[in-house]
Every structure is written in C-alpha cells, then in structure tokens.
Amino acid sequence: MPYVYSVPHLGNFVGSVLPADVYYKYLKMKGDDAIFICGSDQHGTPTELAAIKKGIEPSVLADEMHERVKKLFEKYGCTFTHYGKTNTPENKEVVYSIFNELYNNGYLLEREDMQAYCNVDKRFLTDRFIQGTCPYCHKKSARGDQCDNCGRLLEPSQIIEPFCAICGKSDITFIKTKNLALELNKLQPDIAKFIKSNSKYNWSKDAINKSLSLLKEGLKPRDITRNMKWGFPVPLIGYENSVIYVWITGLIGYIGITKEWDSKRWRDYWQNEHTQLIQFLGKDNTIFHTIIWPGMAIGSRLGFIMPHTIKESQFLVSETVKFSKSHGVGLNMSAALEILEADYWRFALMHMYPENADSEFTERGLVETVNVIMNDKIGNLAQRVLKLSKSNRFLVEGDISVDDAAVKKIIKDYCDAFDNMQLKKAIGTVVRLADLGNGIMSKKEPWMLAKKAKDDAKAERQSKKIFSELLAITYAMGILLYPFAPKASAELLSYFGIDTEPTLEMLNNKVKPNLDEEPKPIFQKMTNKEIEKLKKYA
RNA sequence: AGCGAGGUAGGGUAGCCUGGAGUACCCGUCGGGCUCAUAACCCGAAGAUCGGAAGUUCAAAUCUUCCCCUCGCUACCA
C-alpha cells in the first residue's frame, strides 16, 4: 500500500504495487479466485505536515493525492479489484473493532513518556523533528532519533540546543504524554509460531531472517498511538489528543478497503482460514507485516488471517537519476509516463525488479531493456513472423496450436516461476521464448523454404510446419506477455482473433491467425527525444 | 554500535538453499552468418584470482569463521 503524501516514484512502484499487479494478472490468467486490494495510506506525520504547509486540511490533501495516485496506477494498467484508501468509515470501523479487542484482551499497555512540544507550531514533535547538536560528536546537524554524522542512535532529550525542524525556533518544552503500546512481548509465542509455519511459503531470505532475529532478541511493546491530530482518534477517555498510529490504520487498511469494496463479502476473505493472503512490500517495512499485523490479528481474537506469503522487494536505487519523492522533482510515476508508455515501464521495471538485492536504475539499463529486450527480441520476432506469414499465406494452413516440447517447457517454467513467486525468472522465460523463436528463424530460414515451396511439395510441407511452429510461439508470447505488458499482449493476440483477457487455458486451444491486417510492431525503440527527456532527471 | 540482506568478466544479472572443472543470460568489444523482420536476428571468440583472509572437504562462487564495502532495520518517518 503506497504512502501518498506525494506522487510515488519508480522505486516505490516497482517495490510493491507493480509486482502485485503482475502477480495478480497471472493468477487471473490461471483462473484462480483472487482479489487485488490496494489503496492509499493517508494518515501520518508527513501528510499532516504537507497539509499544514499548503494551508489545507490533511483530509483534503490526502483525498486529493488519493485521486491522483489512483488515476496514475490505472494509467499504468493496474487492475485492482479495488483501490481504496485508509481514511474511510469502513476502515475506521475495522480499526476500532481490532483496537477495542486488543484493549479488552489486555494487550495494550499505557506508557508515559516525556515528549518534545513546539510552542510555536503548537504540536508535539516526533523524534526526527527535533534537531540540534549531537552529544557525542558535537555536530550541529543531529536529529532526535539519530546523528547522521556519527551514526549514533539518540534520544530527543539528549540533543544539545534543540530546535524544531518545522519552524526552526527553539521554543521547545518537554511535556509528559501517555500512549498505548501493543504488547508484542505477550504475543511473541504465537507470532513465532506463525512465522515458523508460514515463512516456508516463498518468503525471501531477508524477510525470514530479520523477523526471526527480532524474535530472538525478544519483542518489546510498541506504541500504536501518537500525539497528533490527523488520524483516527483513540476511542478511549483520556486520549482525546491522540490518534491511532498510521501503520495500524494502514495494516488494517487492507481489510477496511476490502470492506469498502464489498460490505458483505470482505469477511469471506479476511475471516476465512482458507484465504491465502499474499502481501508485496519493500524491505523497509517487512516487520510491520510479519510481526505487527500478526500480533494484532492474534491479539484481537477476531479470526483475521495472517500473511501466507510475504513478497519482499529490495530497493531500486539510482546514482544517476533523481528519484526524489519529497521535493517533487524526481522521476516519479507521473513524470515517467511523459517519457514512455505504461507497458514499457511495466516490463522494464519488472526486468530490473530488485527481487533479492538492490538493483540499480540507469538510463543505459532502461534503454537496453526497451530497445534490445522488448523491441529487438520480442517485438521484432512477432513482427517478422506475422509479416512473413502474411506474405506467404498459402503456407499458413488450418489452426495453430502450441505443441512443441521446447515451447511447452518454457510455459511450464513460466508458471513454476510465478507459482514460486520468482517474478524475475518469470519475465526471463518470456525473453527465452523470443530467443527460441529467433533461433528457429535463423536455423530454419523459412523465407528460403517459402520460395522453394511454390514448386516443391517437400519444401511446402516443411514450410507449413515451421510457419505453424513460429506462429504458435508468437501466440504463446502474446499470452505470457500479459502480466508484464498488457497492452502489447492485447495487440499481439488480436492477430490471433483474441479480444478478451488472456488465460493460460488458451494455450491449449487451437487458434486461427488473422493475417488480413498489416501487422504493426508491438514495441518500438526509444527515440532520441525520449532519451533526452530521461536525461533531464540526471 | 547491534541485527538482517547483498558483493559474481568493462557494465547489469542468474547460479548459492541441496558443494562436482568459472556454468549461464543481457549490453558492450572482436570475428563470422543471414536478408523474413523495426539497421533487426543467428553462430562463434575474447574477457572473472566469484569482495578479502583463513578453515572444512577428494572437491568450495556454494558450507564454517573473521574482516572490508553497500543497503535496510534497531521500536515516534513510513
């Protein structure tokens, strides 16, 4: 679920929403009963501060951003069952029911703490909004949570000559506040049991080990309320100035959004032990999904399900291209669409998907993927097969079906890769299929055979076989391409008379190629103009 | 500082769980083939002390230990 106080950048997109959409499209092709729930995470400090800066209500900004981001995801071809948001009555109800049960069941601990308050801004300051001099290295740029110079973790009260990062003034007082903490320590045995049983379902090594190591250290209570205004008010007397922490309304938001989608059926998914909950997230928020949500699900005793699979991604980083989200100047999702159409980004980003390690986004890498992989290998193969078939129609006879063993093997590898949550491997098999087709082209030289076929019965037979084989590969490629480049997939499949969403079942069907129309390339190379546009972000 | 992950030809990756000759893929470089297709495609070659050191083993990129570098988390950024 993206946090939307500004437009997400490409790294955010490739980390969670895109792989989730790709995987969901695969599940639909497979015919599984799957729903794809996503939405805008709206609460939290960054949104509140951005709203203050703009002089508008946080809810107004949050809804504005929600609409913008929602449209943007749609432009990228994401097909959510429902794209909702966290600040809704539906989510509030679910959040309160879970919160109240956690309270009633004795899992919420009241804790008192001294917290910095800015008398100018009239608000409590989270740790990182207190700045000043580091007590260890005496650098003046330390924040309340950490000193970037010496790397030491700090307490806000340790900061020498503290000032407020929002207004820059030093009019700060420390006031006693109370918050409620989720007693993860009490829930530890059940959380541990959950992680041990479910982490075998294709969790990444990183996700498993950091969750296990946290358990080994011993879980500690974690505050789930904050002294701020923007959010769901804490439904308890004595907490009038507090709201429920953004992560709590976000994690539960998946449920609230499902409820927003369907006020009855949401329980069939969330309170059904047969549901497989598959969550896609970046490496920076793994523990919220592996520890904190399970803790709430267990502690509330409302029968909510926990994740079956955690699909964690590392980061897409760039040293040469600005991704900056906070300043609104980087190559974000909106800016990217002005350079290339959605399909190109979908495919290229998945091709550089940081599945097991951070991966580097470079102009060179993007151009290579678009020009070589998409255009030269995949797009051009489709084009040469279709054109050759069109100009030798007498050799295209009857129906096409996928029955070559090598093609079937690639399709099986594609499915296995998806079923094992190996998305980079899955996209790799599409490229392999194109390689296979291009290889056959060169080895068998069907254009030579086609010339001979006019007065040579043997050559005619051979040609027909090869044409049918190549068309089958092109057809299969059209289907396998669907999760990654849905528009190009649809264009390619239109030459086989298919105008509906592709399914894996279609790979077993016989189809008739439609060679009446002049085939158009499904992909094109990046033009110099497009590359120039990309360079602006360097 | 502690914990987790990553480090593999010039660049980008896969391989590591389950040890078997540096195996594979894309770009780039060099040589050849082809002319159906979008100046595309195919074949071949060169290029790597697999971050470093030690250990286990008949055998280590893979297992163990230590060290170095990068990223993330460390509980009030999300």
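Letters A, B, ... mirror the listed sequences (proteins, then strands); counts begin at 1. Bear in mind that the values here come from a model prediction, so they are computed numbers and not experimental data.
Using a 4.0 Å heavy-atom distance criterion, A:Ser359 is classed as a sugar-phosphate-only contact. Here A:Asn179 lies in heavy-atom contact (under 4.0 Å) with a base. Residue A:Arg432 is out of contact with every strand shown, counting any heavy-atom pair closer than 4.0 Å. Using a 4.0 Å heavy-atom distance criterion, A:Asn438 is classed as a sugar-phosphate-only contact. Counting non-hydrogen atoms under 4.0 angstrom, A:Asn356 reaches the backbone sugars and phosphates but no base. A:Lys387 comes within contact range of the sugar-phosphate backbone alone, with a heavy-atom separation under 4.0 Å but no base atom that close. Residue contacts shown for A:Phe523 include a base, since a base heavy atom lies under 4.0 Å away.
Both tests pass for A:Arg226 against the ring of A:Tyr245: distance under 6.0 Å to the centre and angle within 45° of the axis.
Set against B:C26, B:C77, B:C36, the side chain of A:Val372 has B:C26 as its closest nucleotide. Distance from the side chain of A:Thr126 is smallest for B:C77 among the nucleotides B:U13, B:C71, B:C77. Side chain of A:Asn380, nearest nucleotide from B:A37, B:U35, B:C41: B:A37. Candidate nucleotides B:C76, B:G4, B:C36 were compared by shortest atom distance to the side chain of A:Leu388, and B:C36 ranks first. Comparing B:C41, B:A5, B:C36 by their closest approach to the side chain of A:Ser442 singles out B:C41. For A:Tyr3, whose side chain is taken as the heavy atoms from C-beta onward, the closest listed nucleotide among B:U13, B:U35, B:A78 is B:A78. Listed candidates were B:A37, B:C76, B:A5. Nearest to the side chain of A:Asp223 is B:C76. Closest contact between the side chain of A:Ser213 and the listed nucleotides B:C42, B:C3, B:U74 involves B:C3. Nearest nucleotide to the A:Ala357 side chain, out of B:C36, B:G6, B:C42: B:G6.
No donor-acceptor contact under 3.5 Å links the side chain of A:Gln383 to the base of B:C36.
In this model, a donor atom of one side chain and an acceptor atom of the other lie less than 3.5 Å apart for A:Ser242 and A:Asn227. With 3.5 Å as the limit, one finds a donor-acceptor pair spanning the side chains of A:Thr225 and A:Asn179.
Taking the six-membered ring for Trp and thresholds of 30 and 60 degrees, A:Phe496 and A:Tyr475 have ring planes inclined between 30 and 60 degrees apart. In this pair, A:Tyr414 and A:Phe418 present their aromatic rings perpendicular. The plane angle is above 60°, beyond the 30 to 60° band.
A straight line from CD of A:Glu48 to P of B:A78 spans 10 Å, rounded to a whole angstrom.
Checking B:G31 for Watson-Crick or G-U wobble geometry (two distances, each under 3.5 Å) identifies B:C43 as its partner. In a base pair of the Watson-Crick type (N1 to N3 plus N6-O4 or O6-N4) or a G-U wobble (N1-O2 and O6-N3), with each distance short of 3.5 Å, B:C25 is matched with B:G12. If you check B:G72 for Watson-Crick or wobble pairing at under 3.5 angstrom, you find it paired to B:C3. Remark: B:G20 base-pairs with B:C58; criterion is Watson-Crick or G-U wobble with both hydrogen-bond distances under 3.5 Å.
Between A:Arg222 and B:U74, a side-chain N or O to OP1/OP2 separation shorter than 4.0 Å is present. An OP1 or OP2 oxygen of B:A78 is reached within less than 4.0 angstrom by a side-chain nitrogen or oxygen of A:Tyr245. Of the side-chain N and O atoms in A:Thr362, none sit less than 4.0 angstrom from OP1 or OP2 of B:G11. Look at A:Asn285 and you won't find any side-chain N or O under 4.0 angstrom from OP1 or OP2 of B:A78. Phosphate contact (OP1/OP2 of B:C76, side-chain N/O of A:Arg226, threshold under 4.0 Å): present. For the pair A:Lys205 and B:G6, the criterion of a side-chain N or O lying under 4.0 Å from OP1 or OP2 is met. Put simply, A:Lys525 has a side-chain N or O that comes within less than 4.0 Å of OP1 or OP2 on B:A40.
A:Cys164 places none of its side-chain heavy atoms less than 4.5 Å from the side chain of A:Ile130.
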